[in-house]
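Right, one structure below, let's go through it.
All of these numbers come straight from a predicted model, not from anything done at the bench.
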Amino acid sequence: PTECFLSQPEEKQESTVKAKRRKKKKISDILEKTAPKPGVPADLQNLLSQHFGENRSVIEIEELKLSDSCFLPANDLTHSFSSYLKEICPKWAKLRKNHKEKKSVVMLVICSSALRSLELIKSMTAFKGDCRVLKLFAKHIKIKEQMNMLEKGVFHIGVGTPGRVKALVEQDGLCLNSTKYMILDWNWRDQKLRRMMDIPEV
C-alpha cells in the first residue's frame, strides 16, 4: 500500500510539470499587455547593431551608425498618416514637381504586409495629391511587372514590403539615389501582434 501512495503524488507532479510547460508565454501575450510606443532612432540603431554585430568588426559597426540628423521626428501616435507626412515633408509639392527620374521614388514606405501597404496607400490620399504611387509587394504582382512599370513611368511614392523592395534593389529595378524619405511602419501590429521588426525574416 505504501508503494501505491508513493507513486500517486509522483504522477501528479509529472502532470503539473507538463501543464506548466504548455503555458509558455508567447510574444503575443507580452505585446497584448504593452501599449504601443512611438519609435525612436535608438530602436533602429539597436536593431542594426544586433543584426550585424556577430558578423562585422567594431569599425564596420561604427560605420553603420546613423547620425541623429538622418532621422525626422517620429509619429507621436497623435497623427494620422497623411498629417504626419505633411508635417515631416512640408515641401512635398515642390519635390513632386522636380522628380522626373525613372526607376526611382522620392518617398519609400516600408510595411510588414501587402494588406497593410494597401491600407496606408488609402490613408495618404490627403497628402499625395495627384502624384503616382507604386505598390511594391509580392501579392498578385510579379516582380517583372513592377520593374517594367518603374522603367516606363515616373513614380513619386513606393509603398511595399521589405522582401520585395530588397529584391527590386538587388535586381536594379529600383534605384534609391533620388529617395529623400524612407518611412518605416514601426508600430503597426499584425494578427499575431507582431510589429515588422519582430518578424525574424525582416
- Item | Over 12 non-hydrogen atoms of neighbours within 6.0 angstrom of CG in D68 | no
- Item | Distance (rounded to the nearest 0.5 Å) between R96 CZ and C89 SG | 10.5 Å
- S49 and L64, any side-chain heavy atoms less than 4.5 Å apart: no
- Does a side-chain heavy-atom distance below 4.5 Å link Q45 with L48? yes
- Any idea which heavy atoms bring G158 and L136 closest together, and the distance? CA-CD1, 3.8 Å
- Query: Is there a side-chain contact between V159 and M124 (heavy atoms, below 4.5 Å)?
  - Reply: yes
- Message: Using the rule that Ile, Leu, Val, Met, Phe, Trp and Tyr join whenever any side-chain heavy atoms are under 4.5 Å apart, tell me whether V202 and V109 fall into a single cluster.
- Response: no
- Item | E87 (side chain) donor-acceptor with Y84 (main chain) under 3.5 angstrom | no
- Query: Can you tell me if N55 uses its side chain to pair, donor with acceptor, with the backbone of F52 under 3.5 Å?
  - Reply: no
- Measure the CG-CZ distance between L115 and F137 for me, rounded to the nearest 0.5 Å. 8.0 Å
- Message: Could you check whether R116 pairs with E119 (Lys NZ or Arg NE/NH1/NH2 to Asp/Glu carboxylate O, under 4.0 Å)?
- Response: yes
- Message: Are there over 12 heavy-atom neighbours, none belonging to H51, within less than 6.0 Å of that residue's NE2?
- Response: no
- Task: Treat each ILVMFWY residue as a node, draw an edge where side-chain heavy atoms are under 4.5 Å apart, and state whether M197 and V40 are in one component.
- Result: no
Please set out all donor-acceptor pairs under 3.5 angstrom arising from side-chain atoms of residues 160-184, sequence neighbours excluded.
| unit_1 | atom_1 | unit_2 | atom_2 | d |
| --- | --- | --- | --- | --- |
| R164 | NH1 | I141 | O | 3.0 |
| R164 | NH1 | Q146 | OE1 | 2.7 |
| S178 | OG | S104 | OG | 2.9 |
| T179 | OG1 | V105 | O | 2.9 |

- Can you measure from CZ (F81) to CG (D185) and round to the nearest 0.5 angstrom? 7.0 Å
- Evaluation steps, side chain to side chain contact (heavy atoms under 4.5 Å, CB included), between I199 and S112: CA-CA 8 Å; I199 301 165; S112 56; 4.1 Å; yes
- Is there a chain of hydrophobic side chains (I, L, V, M, F, W, Y, each step under 4.5 Å between heavy atoms) that links L120 to V133? yes
- Note on the structure: Correct closest heavy-atom pair for V154 and R132 would be O-CD, 3.4 Å
- Query: Applying the 4.5 Å side-chain criterion to the ILVMFWY set and letting contacts propagate, would F71 and I110 be lumped into a single cluster?
  - Reply: yes
- Item | Minimum heavy-atom distance between I61 and G53, given as atom pair plus value | CD1-CA, 3.7 Å
- Task: Evaluate side chain to side chain contact (heavy atoms under 4.5 Å, CB included) for K102 paired with L150, printing each intermediate quantity in order.
- Result: CA-CA 6 Å; K102 290 175 182 177; L150 280 159; over 6 Å; no
- Note on the structure: Residues W186 and L47: closest non-hydrogen pair is CH2-CD2, 4.4 Å
- Evaluate the side chain to side chain contact (heavy atoms under 4.5 Å, CB included) criterion for residues M149 and F155: first the C-alpha distance (whole Å), next the side-chain angles of each, then the deciding distance (0.1 Å), finally the verdict. CA-CA 9 Å; M149 287 167 85; F155 289 90; 4.2 Å; yes
- Audit row: E62, K65, salt bridge (charged side-chain N to carboxylate O under 4.0 Å, His left out) steps and yes/no: CA-CA 5 Å; E62 276 297 316; K65 283 191 176 170; 3.6 Å; yes
- How long is the span from the CE atom in M147 to the CD1 atom in I143, to the nearest 0.5 Å? 6.0 Å
- Rounded distance [0.5 Å steps], CG in L95 versus NZ in K91: 9.0 Å
- Run the side chain to side chain contact (heavy atoms under 4.5 Å, CB included) check on L77 and N187 step by step: do they pass? CA-CA 9 Å; L77 309 181; N187 278 309; 3.6 Å; yes
- Item | K192/D198 ion pair, N-O < 4.0 Å | no
- Just wondering, do R194 and R189 contact through their side chains at under 4.5 Å, heavy atoms? no
- Message: On a heavy-atom basis, which atom in V106 and which in H99 lie closest, and how many Å separate them?
- Response: CG2-CG, 3.4 Å
- Please check if any side-chain donor atom of S82 sits under 3.5 Å from a side-chain acceptor atom of S80, or the reverse. no
- Note on the structure: In terms of heavy-atom contacts, K97 and K100 come closest through O-NZ, 2.9 Å
- Any donor-acceptor pair under 3.5 Å from H156 side chain to M107 backbone: no
